[in-house]
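Just follow the structure's listing: the first ligand is 1, and inside any ligand the first atom is 1.
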Amino acid sequence: MDGGRPLLDLLAAPSSAAAHWPGQERAWAALEAAGLPGALGRGVRVRELFAPARWTAGRAPAGRVRDAARVAAGLAAVRDAAGAALREGRLPVVVGGECTTTVGLVAGARAAGLRPGLVYVDGGVDLRTPADNPTGVGDSMALAHVLALPGCEEDLLAVGPVRPLLEAAEVRAVGVRPVEPDATTAARIGLVCTPADRVAADPEGAAAAAVAAVSGGDGHLVHLDVDVVEFLDLPLADVPDHGQGLALDVVARLLRRLCADPGLRGLCVTEVNPDHAAGPGDVGQLVRVLADALA
Ligand SMILES: NC(=[NH2+])NCCC[C@H](N)C(=O)O
């Protein structure tokens with residue numbers, strides 16, 4: 001403990017195996033070079049969970065996630081490290097890697113005997129499955145696998161000690177822009193979403209409402225996809241959506257409130273593609289936002 005707050009385990013999961021193309025496997029190296037470990041302080045302990053797992057070409061077998069075994073192996077490493085951190089009373093801060101990295105964090109919490117809620121801060125809701133996305137790109141499917149929706153990939157579901165890892169009522173999606181067909185699925189399964197414009201109007205209020213909705217006795221986890229930030233302000237997202245994102249300052253305020261809450265049990269930072277950065281200062285801006293949120 002450090003002034004009553006848990007010490008940090010910074011867990012690097014450098015992967016683009018589940019992505020649309022290579023790049024995210026270098027997110028950890030870029031964040032480390034930009035000074036993330038030192039900026040976090042709080043007795044940070046760094047663990048690199050596996051060697052960079054770079055995207056390879058190849059089509060998905062019908063009904064499957066591309067490269068499922070390799071993606072699942074990475075998620076299992078995240079599960080084990082995050083679970084160990086939580087059992088020691090430390091706070092896991094996972095650096096992906098793709099959105100699917102969060103499946104490993106939630107699985108780790110459940111393996112540690114906890115059932116925290118999940119605040120999913122992301123431009124999309126990642127509710128696709130191989131049944132409705134025949135490309136098999138796992139990066140559009142993270143929340144679907146947390147919720148174990150029909151049509152999910154067995155290798156990824158098997159990472160969890162239980163299935164589903166969480167029910168839709170235990171998740172709030174925050175910062176969402178309308179993306180079909182995910183929006184249809186969200187409405188069908190009753191996933192409550194806070195749209196991006198509502199976050200822009202009141203980031204602290206949106207954060208407080210999400211925490212109040214999902215954070216119970218075992219607190220809450222936070223997923224951050226950098227694509228929630230407007231790409232034209234901070235070009236880091238692996239799959240950019242120009243003109244649709246939130247101002248960096250809004251995301252910083254949202255994240256600060258989500259992480260300041262004593263119920264925080266873990267954070268997963270995803271979808272950083274350093275190849276998209278215009279210069280080294282861009283990754284540095286993200287380091288400052290993360291350090292400020294976890295200070
Ligand atoms: N949150 C993410 N998964 N970001 C990557 C964007 C994925 C994109 N929505 C797709 O359908 O493939």
Q: Could you verify whether a donor N or O on one side chain and an acceptor N or O on the other, from D126 and Y120, lie under 3.5 Å apart?
A: yes

Q: For the pair R256 and E204, find out whether any cationic side-chain nitrogen is under 4.0 Å from an anionic carboxylate oxygen.
A: no

Q | D122 vs H223, side chain to side chain donor-acceptor pair (under 3.5 Å): CA-CA, chis, key distance, verdict | A | CA-CA 8 Å; D122 200 308; H223 161 95; 2.8 Å; yes

What does the contact table look like for ligand 1 (nitrogen or oxygen on each side, cut-off under 3.5 Å)?
{"unit_1": "ligand 1", "atom_1": "1 (N)", "unit_2": "D122", "atom_2": "OD1", "d": "2.9"}
{"unit_1": "ligand 1", "atom_1": "1 (N)", "unit_2": "D122", "atom_2": "OD2", "d": "3.0"}
{"unit_1": "ligand 1", "atom_1": "1 (N)", "unit_2": "D126", "atom_2": "OD1", "d": "3.2"}
{"unit_1": "ligand 1", "atom_1": "1 (N)", "unit_2": "D126", "atom_2": "OD2", "d": "3.0"}
{"unit_1": "ligand 1", "atom_1": "1 (N)", "unit_2": "D225", "atom_2": "OD2", "d": "2.5"}
{"unit_1": "ligand 1", "atom_1": "3 (N)", "unit_2": "D126", "atom_2": "OD1", "d": "2.9"}
{"unit_1": "ligand 1", "atom_1": "3 (N)", "unit_2": "D126", "atom_2": "OD2", "d": "3.3"}
{"unit_1": "ligand 1", "atom_1": "3 (N)", "unit_2": "D139", "atom_2": "O", "d": "2.3"}
{"unit_1": "ligand 1", "atom_1": "4 (N)", "unit_2": "D225", "atom_2": "OD2", "d": "3.2"}
{"unit_1": "ligand 1", "atom_1": "4 (N)", "unit_2": "D227", "atom_2": "OD2", "d": "3.4"}
{"unit_1": "ligand 1", "atom_1": "12 (O)", "unit_2": "H20", "atom_2": "NE2", "d": "2.7"}

Q.
Is it the case that the side chains of W55 and D67 hold a donor-acceptor pair, with the cut-off being a distance below 3.5 Å and no angle test?
A. no

Q. Can a salt bridge be assigned to the pair D202 and R198 using a cut-off of 4.0 Å between side-chain N and carboxylate O?
A. no

Q.
With side chain to side chain donor-acceptor pair (under 3.5 Å) as the test, pick out the partner of S16 among E98, E25, R26.
A. E25

